[in-house]
Amino acid sequence: MSGGIDYSPADVVIIGAGASGAAAAWNLTETRMRIVCLEQGGWMNPAEYPSTGRDWEARSQSDFAINPNRRQLKSDYPVNDDDCPIKIANFNGVGGGTILYAGHYPRFHPSDFRVASLDGVADDWPIDYATLEPYYAENDRITGVSGLAGDPAYPAKQPLMPPLPLGRSGQKVAQGFDAMGWHWWPSDTAIATTPYNGRDKCINLGFCLHGCAQGAKASTDITYWPEAIRAGVELRTWCRVKEIAVDDDTGMACGVSYYDEQGEEQFQPAHIVIMACNGVGTPRILLNSRSERFPDGLANTSGLVGTHLMLHPYASIYGVFDEELDGYRGPHDALWSQEFYETDVSRGFVRGFTYEFNRGRGPVATALTGAFSGRIPWGEGHHDAYRALFNRICGMVAICEDLPEAHNTVTLDPVLRDAHGIPAPKMTYTLSDNSRAMLDFAVERASEVLQAVGAQDLMVESPLSIGGWHLMGTARMGNDPGNSVVNAWGRAHDVRNLFVVDGSLFVTSAGVNPTRTIQSLALYVTDQMKKRLTNLFDAP
Amino acid sequence: MTRTIATDHPFSPDEQAQIARLARLMVPASAVHGVPAADDALILADILHTARSDEVRVRAALEFAGGLGVPLEAAVPRLQGAVEMLPLVVVVMQCYYRDDRVMQALGMEARPPFPQGFEVPQGDWSLLEAVQRRGRIWRDA
Ligand SMILES: Cc1cc2nc3c(=O)[nH]c(=O)nc-3n(C[C@H](O)[C@H](O)[C@H](O)COP(=O)(O)OP(=O)(O)OC[C@H]3O[C@@H](n4cnc5c(N)ncnc54)[C@H](O)[C@@H]3O)c2cc1C
Ligand code: SF4
């Protein structure tokens, strides 16, 4: 013990307390192992979320900005995204990205795990939809998922609460899809529409992307973490991990070096290390963990750590309508369309995308949209032009499947460092021809939907430059150690007591938001660990 | 060069006056809509306070506007689309559209979203019937 902290060997150290770290910690509690989670940020106080104050929109550009390079909180580390047309978005603290996520919560489809077999591109996953299905269901129960059963775009699944209201904006967009004869369905969301497990229901604050003061949105600081901590997990906040140490004789991880809140370097010995730092944070720490045995970074004899970065290129397509819509009221995620989800090569690309409805925007965001796009002039014309947009904008984003390409990478920046001197990650990414074709197609079809119901004016951004919020693929799973970093149950091929549970695991990205799958994978990997506790470190 | 500052505000009195002029050029008062201009005393105080947190970029915007060699009024066509002006535009809009009078004129209640929240109607769920009639679209794998 030192300063109240127990530095004796932990059975398990989990790095990162976000979406996946929380699920992994919770699922391992029944083993009664000593579990320590190290998180570089602190706990959130929902009473201080932006929606509690009059400056709610302004704070989305400062301390609640989605881009850490702008936010620059003590918990943040810089990310060099100069060579990436899609800029980083994340949150660092207990809850990780779920503090800011919209809570749009689709599952993968059966076909998403069989991309190579079905479409001849990328790789198949070493697991399938059926393997993950029970973990989806378990994660849904802890998270609390709203939606409507019967979606023809999915195998049967049973949401636990009714869907979010369509509202005026949702009705408008649904009418557009109906006019085209295309699929739409109420979205599955990680937002409580009825009281759920001690959380209150959504009251339509409309500001989910900057923290839910109501506690209706399932961020893991209010779902998994309270239960995990009650069951004995130690969550150590303000602890930034620098590297994982390796015993050069055994080749096993032996503990973790980190900087504590006072900036002192500490060492926590551990028998098992689980990475849950997300698709950028995990390769960063693995690559920074160099040793005699692993000179190119830990678990990286394949040279694949940090490669195959996938981001989901987004297009945003909004229409301006004559009549008043929902504007600033209500969460966005009321409906999705998967009309163009499954491959149809006649469209000029493989794989597909999901449209995620977007309800509207607040008064300041409306003014800035108008000013930046030249729709709202300075001077006399300002007020009339503003009123033509206020509460009259709605539309959707297209979430395009991003194929894994080795040249899209997270590497260590040779110059940039965080406040503790740890090399910052650098993202290098180019948009593929397949993604460009898919984005163009998505913009055209969405425009047709909005015009079919009277959109006068369309606002399009493609790719959406701020949208680097889905970070995937940089420590991919697979059966072949030459083509993957971890095996089919999340254990590093090279290091038999090192596991990955975050979005880095993804083999392919699917065309849906990833977090429900990330958390279900974290439950799956930790279940595999539980089943193998007596021979966890044996050769495969 | 040493900047002479009349108060402890990071922007000099001249800069503060320039911010006020630019704010009014962006958003003048409107009797028709019943709203003040963005250089109204209360809104301006908010703008000057808020601009502190983006001091460097806001000052760069002021220097850009002042460096065009024409009076600000005449420079509006060039200023309103200029990326250099964005930091100041952001601050002015953030403060203007959270003013009680402006929000009320837009039909909003002058309050933060939490804790009352907002009403959103359910909408017409019968629109789903057309989708249900089409049947399954997911692929076996
Ligand atoms: C604005 C925004 C909107 C989003 N909307 C959606 C959505 O609607 N639906 C959806 O599915 N997904 C959404 N996402 C993405 C979602 O947040 C992520 O997919 C998810 O959080 C990733 O989970 P993870 O466990 O991989 O990593 P994270 O949740 O990012 O957690 C990683 C944690 O590790 C910590 N960490 C990193 N490095 C270190 C270190 N060196 N030492 C200690 N701790 C460290 C971080 O502080 C962080 O808390 C959104 C994200 C953002 C930013
Ligand atoms: S809209 Fe609902 S989920 Fe989103 S922040 Fe408000 S209460 Fe929370």
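So you know, we letter chains A, B, ... as the sequences are listed, proteins then strands, and number each from 1.
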Region of [X] that comes under 4.5 Å of a non-hydrogen atom in chain A:
X	result
M108(B)	both
A37(B)	neither
R98(B)	both
D99(B)	backbone
P77(B)	neither

Using a strict cut-off of less than 4.0 Å between a Lys/Arg side-chain nitrogen and an Asp/Glu carboxylate oxygen, indicate whether R329(A) and D326(A) qualify as a salt bridge.
no
Steps toward salt bridge (Lys or Arg N to Asp or Glu O under 4.0 Å) verdict (E323(A), R168(A))
CA-CA 10 Å; E323(A) 66 270 43; R168(A) 293 193 187 100; over 6 Å; no
For [X] and [Y], does a side-chain donor sit closer than 3.5 Å to a side-chain acceptor?
X	Y	value
E324(A)	N391(A)	yes
H210(A)	E57(A)	no
D119(A)	T343(A)	yes

Interatomic spacing from CZ in R107(A) to CG in D188(A) - rounded to 0.5 Å
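Between R107(A) CZ and D188(A) CG, I get 7.5 Å after rounding to 0.5 Å.
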Would you say the side chain of P36(B) lies within less than 4.5 Å of the side chain of R101(B), judging by non-hydrogen atoms?
yes
Heavy-atom pair count under 4.5 Å with chain A, highest-scoring of [options]:
options	result
R24(B), H33(B), M93(B), M85(B)	H33(B)
G117(B), P121(B), G123(B), S53(B)	P121(B)
V91(B), L86(B), V89(B), V92(B)	L86(B)
T50(B), L79(B), V76(B)	L79(B)
L25(B), D140(B), L128(B)	L128(B)
V27(B), V83(B), D54(B), V102(B)	V27(B)

Best-contacting candidate, [options], against chain B by heavy atom pairs under 4.5 angstrom:
options	value
L205(A), L335(A), D112(A)	L205(A)
C202(A), A213(A), G362(A)	A213(A)
I203(A), D384(A), D128(A), D55(A)	I203(A)
Y386(A), F113(A), F390(A), F207(A)	Y386(A)
G379(A), A174(A), G381(A), S373(A)	G379(A)
Q338(A), R387(A), R114(A)	R387(A)

Show the nearest heavy-atom pair for residues R361(A) and T369(A), with the distance to one decimal.
NH1-OG1, 2.8 Å
Contact summary for H183(A) and P152(A), nearest pair of heavy atoms
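Closest approach of H183(A) to P152(A): CD2-CG, 3.9 Å.
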Atom group of [X] that falls short of 4.5 Å from chain B, counting heavy atoms:
X	answer
Q175(A)	both
P50(A)	neither
W184(A)	both

Ring-face cation contact, W138(B) with R136(B), 6.0 Å cut, 45° max:
yes
Might you work through the ring-ring contact (aromatic ring centres under 6.0 Å, His included) test for W185(A) and F357(A), ending with a clear yes or no?
CA-CA 10 Å; W185(A) 200 260; F357(A) 159 72; over 10 Å; no
Below 30° counts as parallel, above 60° as perpendicular, anything between as tilted: where do the rings of Y355(A) and F353(A) land?
perpendicular
